[in-house]
Amino acid sequence: MQSAKPKRAPANDLWSFVHPLTSEDAATMMALRSAVAGMKGKLEGITAREPFDSIIERVEAPEGVTFEEDTVGGISGWWAKPAETREGDAIVHLHGGWFNWGTARAFCNLVGHIALRAGTAAFIPDYRLAPEHPFPGAVKDAEACYRGLVDRGIRNIALSGDSAGGNLALVLLSIATAQSTLRGILPVGAVALSPVTDLALSGASYETRAQADPYFLKSQAAGLIRSYLGDTDPKNPLASPLYGDLSALPPIHMHVGDDEVLLDDSRRYVDRAVAAGVDATLDVWMGMAHGFTNAVGRVHAANRALDAIGAFLRERFALHVPARATS
């Protein structure tokens, strides 16, 4: 199959690309929508953790990637390690689950595909979940994991994350950038898959994509976010990266489906990042729902998005000479 070429979005000529839906993917997505019909908005609270993990664990296993348990910066998690990697490089991937669900182990296969394409080992921390550990527990754990890699002498670190993990990756990107003048370790770049950037839920796509999104309702998202934030202002930059200082951030590569209530969380963040002088790009995939990259091996758009992510990360790492700290 020959893929149609992406087109620049007319409103954002330089940094946003729209990928048309292929007939093959349209058929696959129709079958997927049929399979999840009746479940929209039903995953709520901690009882959703087991079914959520069972869905994520169905991602096709990547070939030639091994998985190892470890503790980095005091945070337990799993490494996804391709057969060939470059010493001194690492990816920190923050997993999704609306801050309430998800485990590092469940996300191993998805992150393994990113690591394989990037040619770099990726660590997935088991950050603390709400409601048992509300904000800023997850942020503190993400930061501790990043510092743990630095303390191990790893100097070239990329950040990635999906959904709520995309939120944490972008928050961590701002934290690490602000601290880089003191510690000298600036992330090489960041990848975000359908990130939740605005916990105030003010994006127009919560209404414009309410019917198209097969998974989530605004009321469902609001309940999960209340569980995470408690009384914290949703516009706190450490909770919602959309409202942070985006100047001086390293390059950012973002992917989102056009059929997501979270579409505008990606659009607005990239718009703000570009306005702040950041090298940020957004790829919008027509007909794709939230988490479409989980369908790697079955959906062409998922394969192509992951290939683009791998190419971006390889380029970012190639620009930095591998280095380890000396004692």
Kindly give the heavy-atom pair with the smallest separation between [X] and [Y], and that separation in Å.
X	Y	result
Gly96	Ser163	CA-CB, 4.2 Å
Thr177	Ala248	CG2-O, 3.4 Å
Val92	Ile157	CG2-CG2, 4.0 Å
Arg117	Asp307	NE-OD1, 2.8 Å
Gly112	Ala80	CA-CB, 3.9 Å
Val139	Ile175	CG1-CD1, 3.8 Å

So do [Y] and [X] actually touch side chain to side chain, heavy atoms under 4.5 Å?
X	Y	value
Pro250	Leu173	yes
Tyr146	Leu172	yes
Leu94	Pro125	yes
Leu43	Gln220	yes
Pro195	Met254	yes
Cys108	Ile124	yes
Asp279	Leu249	no
Leu149	Val72	yes

Worksheet entry | Arg268 and Ser202: side chain donor to acceptor below 3.5 Å | yes
Fill in: Between Ser227 and Asn100: side-chain donor-acceptor atoms closer than 3.5 Å
yes
Discussion item. Assess the residue pair Trp15 and Asp271 against the criterion (side chain to side chain donor-acceptor pair (under 3.5 Å)); give the C-alpha distance rounded to whole Å, side-chain angles, the decisive distance to 0.1 Å, and a yes or no.
Written reply: CA-CA 8 Å; Trp15 58 89; Asp271 284 350; 3.1 Å; yes
Measure from the side-chain N and O atoms of [X] to the backbone N and O of [Y], and report whether any donor-acceptor pair falls under 3.5 Å.
X	Y	value
Thr47	Gly45	no
Thr281	His253	no
Lys235	Asp198	no
Thr22	Asp25	yes
Arg155	Val150	yes
Asp141	Asp126	no
Thr71	Gly74	no
Asn303	Gly297	yes
Arg272	Asp245	no
Glu260	Gly257	yes

Practice prompt. Please find out if less than 6.0 Å separates the ring center of His95 from that of Tyr127.
Written response: yes
Worksheet item: Ring centres of Trp78 and Phe67 under 6.0 Å apart?
Response: no
Joint hydrophobic cluster, [X] plus [Y], side-chain heavy atoms closer than 4.5 Å:
X	Y	answer
Phe107	Tyr215	yes
Ile55	Leu306	no
Phe317	Val65	no
Leu116	Trp79	no
Val36	Leu262	yes

Item to complete: Would you check, one step at a time, whether the test side chain to side chain contact (heavy atoms under 4.5 Å, CB included) holds for Arg304 with Trp285?
Response: CA-CA 10 Å; Arg304 292 168 57 205; Trp285 296 84; 3.7 Å; yes
Worksheet item: Distance from Asn167 atom CG to Asp162 atom CG, nearest 0.5 Å?
Response: 11.5 Å
Looking at [X] and [Y], does any basic side-chain N land under 4.0 Å from a carboxylate oxygen?
X	Y	result
Glu60	Arg298	no
Arg128	Glu132	no
Arg105	Glu57	no
Asp259	Arg33	yes

Discussion item. With a 6.0 Å cut-off (strictly less than), is the heavy-atom count around CD of Glu207, excluding the residue itself, greater than 12?
Written reply: yes
Worksheet item: Has Lys218 got more than 12 heavy atoms of other residues, nucleotides or ligands less than 6.0 Å from its NZ?
Response: yes
Item to complete: Just jot down the side-chain contact (heavy atoms from CB on, under 4.5 Å) partners of Asp258, sequence neighbours excluded, or say none.
Response: Arg209, Leu263, Arg267, Val284, Met286
Item to complete: For Phe216, enumerate each residue passing the ring-ring contact (aromatic ring centres under 6.0 Å, His included) test, keeping only those at least two apart in sequence or located in another chain.
Response: Trp98, His290
Worksheet item: Looking at residues at least two apart in the chain, or sitting in another chain, which of them share a ring-ring contact (aromatic ring centres under 6.0 Å, His included) with Phe52?
Response: Trp101
Practice prompt. Evaluate the salt bridge (Lys or Arg N to Asp or Glu O under 4.0 Å) criterion for residues Asp70 and Arg152: first the C-alpha distance (whole Å), next the side-chain angles of each, then the deciding distance (0.1 Å), finally the verdict.
Written response: CA-CA 13 Å; Asp70 196 3; Arg152 289 190 181 192; 2.9 Å; yes
Item to complete: Using the side-chain contact (heavy atoms from CB on, under 4.5 Å) rule, pick out the option among Ile114, Leu313, Asp89, Val188 that qualifies with Thr120.
Response: Asp89
